[in-house]
Structure formats: C-alpha cells, structure tokens
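Note that this is a predicted model, so its numbers are computed, not measured.
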Amino acid sequence: MTFAVCVTFQINPEYWDAFLDLMRENAAASLKLEAGCLQFDVCTDASLPYEVFLYEIYKSSEAFEAHLNSEHFRDFDVNVTKMIKDKQVKTYTMVN
C-alpha cells in the first residue's frame with residue numbers, strides 16, 4: 001500500500017544554501033538508489049523564509065523504513081542536524 005511522508009523543516013538562516021544542496025542530493029539519491037521511493041519533492045515558498053517542505057511517496061511503510069536506514073539518508077541526517085531549527089514529520093497511508 002502506498003505510503004506518503006510529509007516533512008516540514010525550519011532551517012537556521014546561515015545554513016539555508018548548504019541545507020538545500022544536501023537535501024537535493026538526498027532526494028536524488030533516494031530516487032536513484034531506492035526501488036521503493038516513487039516520488040521525492042523538495043519544495044519552498046518565498047512567503048515562508050527558511051522553510052522547506054518535503055513530499056515523499058514510497059511503495060510501502062517498509063520502503064520508507066529502508067530509506068531511513070539507507071547510507072545516503074544516514075549521512076544526510078548527520079550532516080544537517082545543526083542546520084535544523086525545527087522538524088515535523090507526518091505519514092499517511094493511501095485510502096483505496
């Protein structure tokens with residue numbers, strides 16, 4: 001069953017560009033290396049400075065768990081910890 005993940009980050013302003021570079025790399029690696037990652041959108045809104053919104057679709061909750069355990073995600077997570085002011089994660093399962 002399809003599994004959606006929505007993440008909202010508040011980024012410390014001095015890390016904005018560095019965070020976006022690392023996030024783009026993480027998204028690209030997820031799509032390229034993870035068969036269970038179907039979509040990974042990185043979004044911003046000019047009216048919400050230093051906020052990043054992710055919309056991710058996985059084949060299943062297990063595919064999302066595999067993402068969290070992937071080497072590229074673990075590296076990303078370690079590298080961005082100090083850049084993040086706040087992070088909110090919500091997950092959803094598709095209703096058929």
- Check the hydrophobic clustering (I, L, V, M, F, W, Y; side-chain heavy atoms under 4.5 Å; chains of links allowed) and say if Met23 and Val80 are grouped together. yes
- Note on the structure: To the nearest 0.5 Å, atom CZ of Phe3 lies from atom OG of Ser60 at 8.5 Å
- Nearest atoms (heavy-atom pairs only) where His72 meets Leu33: CD2-CD1, 4.1 Å
- Residues Lys87, Val7; criterion side chain to side chain contact (heavy atoms under 4.5 Å, CB included); working and verdict: CA-CA 7 Å; Lys87 176 181 174 183; Val7 185; 4.1 Å; yes
- Item | Minimum heavy-atom distance between Tyr92 and Cys6, given as atom pair plus value | CE1-SG, 4.1 Å
- Run the numbers on His67 and Glu56 for side chain to side chain contact (heavy atoms under 4.5 Å, CB included), then give the verdict. CA-CA 11 Å; His67 166 71; Glu56 306 168 47; 3.9 Å; yes
- Query: Counting heavy atoms not belonging to Glu14, are there more than 12 under 6.0 Å from its CD?
  - Reply: yes
- Item | Within-4.5 Å side-chain heavy-atom neighbours: Thr2 and Ile57 | yes
- Item | Pairs touching residues 16-26 that satisfy salt bridge (Lys or Arg N to Asp or Glu O under 4.0 Å), sequence neighbours left out | Asp21-Arg24
- Here the gap from Thr8 atom OG1 to Tyr55 atom OH, rounded to the nearest 0.5 Å, amounts to 13.0 Å
- Query: Would you say Glu71 and Asp75 make side-chain contact, with heavy atoms under 4.5 Å?
  - Reply: yes
- Query: What pair of heavy atoms forms the shortest contact from Glu34 to Ala63, and how long is it?
  - Reply: OE1-O, 4.5 Å
- Do other residues, nucleotides or ligands put more than 12 heavy atoms under 6.0 Å from the CZ atom of Phe73? yes
- Task: Answer yes or no: is there a donor N or O on one side and an acceptor on the other, between the side chain of Arg74 and the main chain of Asn69, under 3.5 Å?
- Result: yes
- Message: Would a single hydrophobic cluster contain both Val89 and Leu38, if residues Ile, Leu, Val, Met, Phe, Trp and Tyr are joined by side-chain heavy-atom contacts under 4.5 Å?
- Response: no
- Item | Hphob cluster co-occupancy, Phe53 + Val42, side-chain heavy atoms under 4.5 angstrom | no
- Task: Enter the distance from Ser61:OG to Met1:CE here, rounded to the nearest 0.5 Å.
- Result: 10.0 Å
- Could you walk me through whether Ile84 and Ile11 pass side chain to side chain contact (heavy atoms under 4.5 Å, CB included), step by step? CA-CA 5 Å; Ile84 299 169; Ile11 306 304; 4.2 Å; yes
- Rounded to the nearest 0.5 angstrom, the CD-CH2 distance for Glu51 and Trp16 is 8.5 Å
- Item | Lys85 to Pro13 - nearest heavy-atom pair and separation | NZ-CD, 4.5 Å
- Query: Taking the six-membered ring for Trp, are the ring centroids of Phe9 and Phe19 within less than 6.0 Å of each other?
  - Reply: yes
- At what distance, to the nearest 0.5 angstrom, does CG of Leu31 lie from CG of Asp41? 8.5 Å
- Query: In Å, rounded to the nearest 0.5 Å, how long is the span from CZ of Phe76 to OG of Ser30?
  - Reply: 9.0 Å
- Query: Under the side chain to side chain contact (heavy atoms under 4.5 Å, CB included) criterion, do Leu54 and Val52 qualify, and how do the steps go?
  - Reply: CA-CA 7 Å; Leu54 306 183; Val52 176; 4.1 Å; yes
